[in-house]
Chemist: 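Pasting a structure here, questions to come.
What you see is a predicted model, and the numbers here were worked out from it, not measured in a lab. Order of the sequence lines sets the chain letters (A, B, ...), proteins ahead of strands, with each chain counted from 1. All heavy atoms count here, side chains included; hydrogens, waters and symmetry mates do not.
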Amino acid sequence: MAVLEQEQERGAASAGKASRRITPLGALYLGLFVLGLLAPWVAYPVFLMKILCFALFASAFNLLLGFVGLLSFGHAAFLATGAYITGFLLAEYPGLSPVLGIMAGTLGAVVLGTLFGALAIRRQGIYFAMVTLALAQMMFFFFVQAPFTHGEDGLHGVPRGELFGLFDLKNNHTLYYFVFAIFVAAFVLIRRVVHSPFGQVLKAIRENEPRAISLGYHTDAYKLVAFVLSAGLAGLAGATKTLVFQLASLGDASWHMSGEVILMTLLGGVGTLLGPLVGSGLVIGLQHQLAQSALGDWVSVILGAIFVICVLSFRSGIVGECQRWLEKRKERDEV
Amino acid sequence: MTMIFGIPLMVLFGQLMLGLINGAFYALLSLGLAVIFGLLRIINFAHGAQYMLGAFAALLGAQYLGLNYWAALILVPLVVGALGIVVERLLLRRIQHLDHLYGLLLTFGLALIFEGTLVNLFGVSGSSYPIPEALSGGFKLGFMFLPTYRAWVLVAALVVCFAVWFLIERTRLGAYLRAGTENPELVQAFGINVPLMVSLTYGLGVALAAFAGVLAAPLYPVSPTMGSNLLIVVFAVVVIGGMGSILGAILTGLAMGVIEGLTKVFYPEAANTVIFVVMVMVLMLRPAGLFGKEA
């Protein structure tokens with residue numbers, strides 16, 4: 001225990017030093033923030049909001065894969081739960097504040113995440129992936145049959161409502177800043193979690209679970225908390241997405257969606273904070289471009305090919321490769 | 001009409017039969033997954049797509065080459081299995097030394113490519129493959145009507161499952177295979193060509209999936225998406241049974257098919273999900289799976 005805590009302290013200390021020394025990272029975050037504030041005046045806000053929702057979804061997924069080493073193949077279930085609950089509540093109770101609707105959707109995903117997490121962490125590695133996939137498929141069939149989801153049709157025309165009775169979210173720009181605020185808050189939370197002592201234990205589990213157990217950590221409890229956190233954030237992404245598109249449909253719950261979020265994370269960089277952002281931006285952008293081109297029908301084939309290429313020769317993802325390049329350059333400079 | 005628990009006996013037996021047929025497919029597919037997992041330690045996510053390729057190869061072979069059912073039953077598994085060996089040589093071999101999750105992701109990408117390509121070429125709606133003449137018709141058993149083709153599928157699947165079990169558990173080649181599963185380096189040191197064995201094993205697993213596809217072609221609509229949903233159910237079956245034992249995979253597959261069939265009779269709303277529910281119960285009571293060795 002003591003050893004790991006020392007390591008933690010050292011890790012935290014070097015991280016602290018690093019953040020003071022590498023102000024470029026701070027500058028990068030600030031630049032991205034400003035870019036996020038200005039973006040809706042340059043690009044179509046709904047498109048940007050879609051990217052933000054999926055970036056949040058991928059970041060939530062990455063929290064589990066990148067920082068605990070658990071590959072969930074069922075994150076669509078949480079996205080869809082958040083989307084459906086929020087959509088149902090806002091459609092049924094038109095006066096309801098969108099904030100409450102989103103909170104309810106997130107809470108639903110948290111509850112589901114607790115149940116699924118408790119089951120899934122009983123198996124490891126490849127079995128974990130299969131269990132989460134099967135559980136998510138079970139939820140898919142539930143959503144097909146449950147009356148409140150309207151089955152194949154999905155929920156349509158979900159009202160966006162007004163924020164605190166002041167801001168009309170029907171305005172795309174107003175909604176954009178609301179979605180942006182949600183995203184930034186979630187991103188800061190994830191960053192905080194990853195750099196916290198709790199996050200260090202998660203990384204220890206990722207690197208060597210038996211060792212973490214022998215050091216006295218209840219790794220199952222840590223894994224479960226991480227799973228629930230990830231599920232809740234995925235639900236938040238789904239809930240926000242419902243507000244943006246004013247619909248919730250079965251596509252959110254299908255295994256394709258679980259695969260897509262894996263691709264976004266893999267392409268951007270597993271285990272990096274900015275990777276999921278880059279990955280989701282690229283995948284959404286690519287889908288958008290392809291949909292308008294003659295290759296529109298080949299989206300799934302192209303995504304599959306990117307998957308194969310990523311696994312074969314690009315496993316650190318774009319952000320991961322950039323980091324490696326920067327580190328190499330630093331080493332060279334020091335020599 | 002004879003009734004049992006308020007259900008006509010004919011309906012009950014009919015659904016049991018359908019359940020057994022589905023179970024035979026679960027058994028064939030989970031057997032292929034288990035064989036591949038044993039030596040390569042990866043979960044072949046392309047298994048559903050390879051099953052679908054088997055069905056499509058039979059369909060296209062009949063349409064364009066005049067290939068009859070019996071020839072397809074032999075040739076298609078060989079061709080698709082050979083395609084599997086190419087995939088293993090060109091792609092899977094490169095990531096052998098990595099975390100096995102990468103194998104899952106790579107084969108998932110392949111599944112998307114296969115499925116997406118065929119959707120573009122043939123659309124999502126299914127085509128039907130005629131039942132071969134020798135196997136059309138059926139038997140009247142008194143308590144139910146048994147279509148000959150369904151009986152044939154059951155027998156063929158069981159024979160193939162048994163043959164694979166025999167190959168792995170009772171032959172010299174199977175002994176090498178099992179030894180390779182335990183310790184590939186040592187087996188290689190004894191002068192056995194492990195990389196070749198890995199290729200052949202993957203080919204065998206893929207061929208099993210394609211064989212199941214040909215068997216399924218006359219029963220279910222042949223469509224590009226026929227494999228993916230089935231595969232997820234097979235994953236649940238594999239989690240229930242564990243992949244440690246060949247016989248376990250076969251038995252679990254059949255049993256899950258029967259349970260699904262019975263659920264269709266007594267509580268049809270849950271028929272889609274019952275196998276997942278069984279999986280949840282197994283995870284709670286016996287997390288390693290019914291026949292599993294892994295903790």
Chemist: Do A:L71 and B:L105 come within less than 4.5 Å of each other through their side chains, counting heavy atoms only?
Modeler: yes

Chemist: For B:V238, is it the side chain, the backbone, both or neither that has a heavy atom under 4.5 Å from a heavy atom of chain A?
Modeler: both

Chemist: If contact means a heavy atom pair closer than 4.5 Å, which residues of residues 257-279 of chain A contact chain B?
Modeler: A:G259, A:I262, A:L266

Chemist: Can you confirm whether or not the ring centre of B:F235 sits under 6.0 Å from the ring centre of A:F73?
Modeler: no

Chemist: Compare every heavy atom of A:W255 with every heavy atom of B:I232, then report the nearest pair and how far apart it is.
Modeler: CD1-CD1, 3.3 Å

Chemist: Which is it for A:Q137 and B:N272 under the side chain to side chain contact (heavy atoms under 4.5 Å, CB included) test, yes or no, and what are the steps along the way?
Modeler: CA-CA 10 Å; A:Q137 189 73 355; B:N272 279 331; over 6 Å; no

Chemist: So what's closer than 4.5 Å to chain A heavy atoms on B:L106: side chain, backbone, both or neither?
Modeler: both

Chemist: Within the 4.5 Å heavy-atom criterion, are B:F114 and A:V301 side-chain neighbours or not?
Modeler: no

Chemist: Give me the contact list for residues 18-40 of chain B versus chain A, heavy atoms only, anything under 4.5 Å, ordered by residue number.
Modeler: B:F37

Chemist: Are side-chain heavy atoms of B:I43 and A:Y127 found at a separation under 4.5 Å?
Modeler: no

Chemist: Quick check: under 4.5 Å, non-hydrogen atoms only, which of residues 273-284 of chain B neighbour chain A?
Modeler: B:T273, B:F276, B:V277, B:M279, B:V280, B:L283, B:M284

Chemist: Got a donor-acceptor contact below 3.5 angstrom from the A:D297 side chain to the B:N120 backbone?
Modeler: no

Chemist: Considering all heavy atoms of both residues, which atom of A:R123 and which atom of B:V239 are nearest to each other, and what is their separation?
Modeler: NH1-O, 3.5 Å

Chemist: I need the contact set between residues 129-136 of chain A and chain B: heavy-atom distance under 4.5 Å, sorted by residue number.
Modeler: A:A129, A:M130, A:V131, A:L133, A:A134, A:L135

Chemist: A side-chain contact here means heavy atoms from C-beta on lying under 4.5 Å apart; do A:I126 and B:L101 qualify?
Modeler: yes

Chemist: Side chain, backbone, both or neither: which part of B:Y102 has an atom under 4.5 Å from a heavy atom of chain A?
Modeler: both

Chemist: Taking B:G109, B:G103, B:G116 one by one, which has the highest count of heavy-atom pairs under 4.5 Å against chain A?
Modeler: B:G109

Chemist: Count the heavy atoms of every other residue, nucleotide or ligand shown that sit under 6.0 Å from CZ of B:R94, and state whether that count exceeds 12.
Modeler: no

